[in-house]
Amino acid sequence: MCTTYLVTEILKEFEEWDLIGYPRLVRLNPNIPWKTRGNGAICVKLGKGRGKRILVSEVKGKPFFAFEKGGAIDEKPRVFMKRTITIVERLAHFNMKGTNPAILVSSRKPAPAQYWKTVRGVVKIKETGNVLPKGSIKRTWKNGRGIIGACAAMAWRPRDRTWEIITYRKRDKWGKKRKINKSDMIKLDERFPSTFNNHDEINKHIACIPNSPCPVLFGIRGDNPRELIRAMRSIRTETASAWVLFETNQGTDDHIVDVGSISLYRSGIIRGKVARKPWTITGGHVLIEISTKKRRQVCAAYEPTKEFRDVIKALIPGDNVSAVGGRTGQNPGTVALEKIRINKLVTDFQKVRNPVCPACGKAMRSIGRNSGYRCRDCREYAGDAIYNKVPRTVTTGMFEVPVCARRHLSKPLVRYQDNINMGKLKKQ
Ligand SMILES: [Zn+2]
């Protein structure tokens, strides 16, 4: 079931220990075909807390605090493992094909490189076995793939981070329709400016509320953990049974590797010129070909990216762009676009009519492709037709897919600190 829900059960189970730092929700490579839906893993650090403490969760009315620092723990990893196994075996849906859980218990973290490899590349189950910290113990179920995520979540040292507050439903409500005041949700952006990815106005989509029958009531993402608690409390809903404030790598672009090309199952940036006029294929997907110094790459604004497709359609050959996206297993040769920066626009000249003969005033006729024009009667010659400068419907700047189509890891444009140039699309 929902991996994040496990944290509420772990907090209850290990009440005698303190949480050190926030519980973590770590998203991994979104292009991996064998992943679970959100490709998320969770990690908590337990110990004897010291220093400042902050409220990070409430489970059935009981508050849980995270401490700034933590002391050594005089308990065997085995004990933690045994008690966590009980929770997983009680809750996991082992009959689901993609459910291959794993638990890793360790007093040391795996090397940070393991996180980067798992968020950006492809990691095999076998190689994870070689990078587990000394003294750590693992438990896996079914094909054992879960260990890749567990190890990566523990290996994460945030370079950039965001937070998500997730509320959970009472057990008797699971699978039933959620009772949430939608207008409270829509007001989040305005009331709590550090939150993001809440609501998609154009597509009437509230991203905070899942559609699945999972125990999640809603989740709000943001850059300020304190403000997230206030934001959560501003939403009128059915009574929640618990909430957890997670530190996450969501919205950080950690999955993007900028090496000029994108290989299969990876995400990156393609810089180059639009090679030909963008085209639309069955299903409403818009494709564009970008030529870089070395090669040509087809990129797609798929149908679910809605109005973002209009930005791509507005490009013409010669425009200079930096396209951000990834190659999944579904259309392995095509880059699924997440964002695009339009660096430079060419002038759009469109042919209005054939040139007019200076002698008789009649329209001249084309001699052949790129060969010019001639008057049939007077034999006058002209090299070019009459062109008009057509105003462009896009500006330079950054564009991103709408909230309803955004990946967990994609950094939303509102998170860019330096004033980036936001692109605009003119209504046609
Ligand atoms: Zn003439």
Side-chain angles (χ1 to χ4, degrees), residues 202 260-262 269-325 331 333-337 339-402 420-428:
I202 296 169
S261 65
I262 303 172
I269 307 174
I270 303 280
R271 292 185 174 80
K273 283 183 178 166
V274 176
R276 54 177 161 137
K277 201 177 175 302
W279 67 104
T280 304
I281 58 166
T282 315
H285 314 299
V286 176
L287 301 185
I288 185 171
E289 190 171 44
I290 298 168
S291 71
T292 67
K293 276 177 195 145
K294 288 182 181 156
R295 51 185 290 202
R296 286 182 166 208
Q297 174 67 56
V298 175
C299 302
Y302 289 114
E303 191 281 331
T305 66
K306 303 295 173 196
E307 68 270 20
F308 179 73
R309 294 174 297 167
D310 298 332
V311 174
I312 303 304
K313 273 193 225 166
L315 295 168
I316 61 170
D319 288 341
N320 187 305
V321 297
S322 304
V324 181
N331 295 294
T334 306
V335 169
L337 292 173
K339 280 193 266 281
I340 196 162
R341 194 173 75 204
I342 304 177
N343 303 313
K344 219 174 156 188
L345 293 166
V346 293
T347 311
D348 188 7
F349 286 109
Q350 271 176 25
K351 188 182 154 182
V352 188
R353 55 174 185 273
N354 286 2
V356 171
C357 170
C360 70
K362 280 189 205 154
M364 295 164 94
R365 282 233 176 150
S366 170
I367 303 167
R369 208 167 158 238
N370 299 325
S371 316
Y373 299 83
R374 200 179 283 286
C375 177
R376 260 206 299 194
D377 303 330
C378 323
R379 310 307 294 163
E380 289 279 347
Y381 175 83
D384 278 314
I386 315 272
Y387 285 90
N388 241 359
K389 214 172 121 177
V390 182
R392 299 297 306 266
T393 53
V394 273
T395 64
T396 55
M398 293 281 275
F399 293 88
E400 66 187 335
V401 302
I420 53 157
N421 173 20
M422 295 283 273
K424 282 189 192 72
L425 181 70
K426 289 165 203 151
K427 285 259 149 53
Q428 276 152 303

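Whatever order the structure lists ligands and atoms in, that order sets their numbers, starting from 1.
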field: Value rounded to 0.5 Å, distance of CG in Asp319 from NZ in Lys273
entry: 10.0 Å

message: Tell me whether Lys306 at atom NZ has more than 12 heavy atoms from other residues, nucleotides or ligands lying less than 6.0 Å away.
response: yes

task: Please indicate whether Arg341 has more than 12 foreign heavy atoms, meaning atoms of other residues, nucleotides or ligands, lying under 6.0 Å from its CZ.
output: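 No, not enclosed.
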
query: After noting the C-alpha distance and the side-chain angles of Ile312 and Leu337, does the key distance pass the side-chain contact (heavy atoms from CB on, under 4.5 Å) rule?
result: CA-CA 10 Å; Ile312 303 304; Leu337 292 173; 3.8 Å; yes

task: Could you please give the number of protein N/O/S atoms within less than 2.8 Å of the Zn ion (ligand 1)?
output: 4

field: Worked check of side-chain contact (heavy atoms from CB on, under 4.5 Å) between Thr393 and Asp310
entry: CA-CA 10 Å; Thr393 53; Asp310 298 332; over 6 Å; no

message: I'd like to know if the side chain of Asp348 and the backbone of Arg392 have a donor-acceptor N/O pair within less than 3.5 Å.
response: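 No; judged by distance alone, with no hydrogens or angles, the pair does not exist.
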
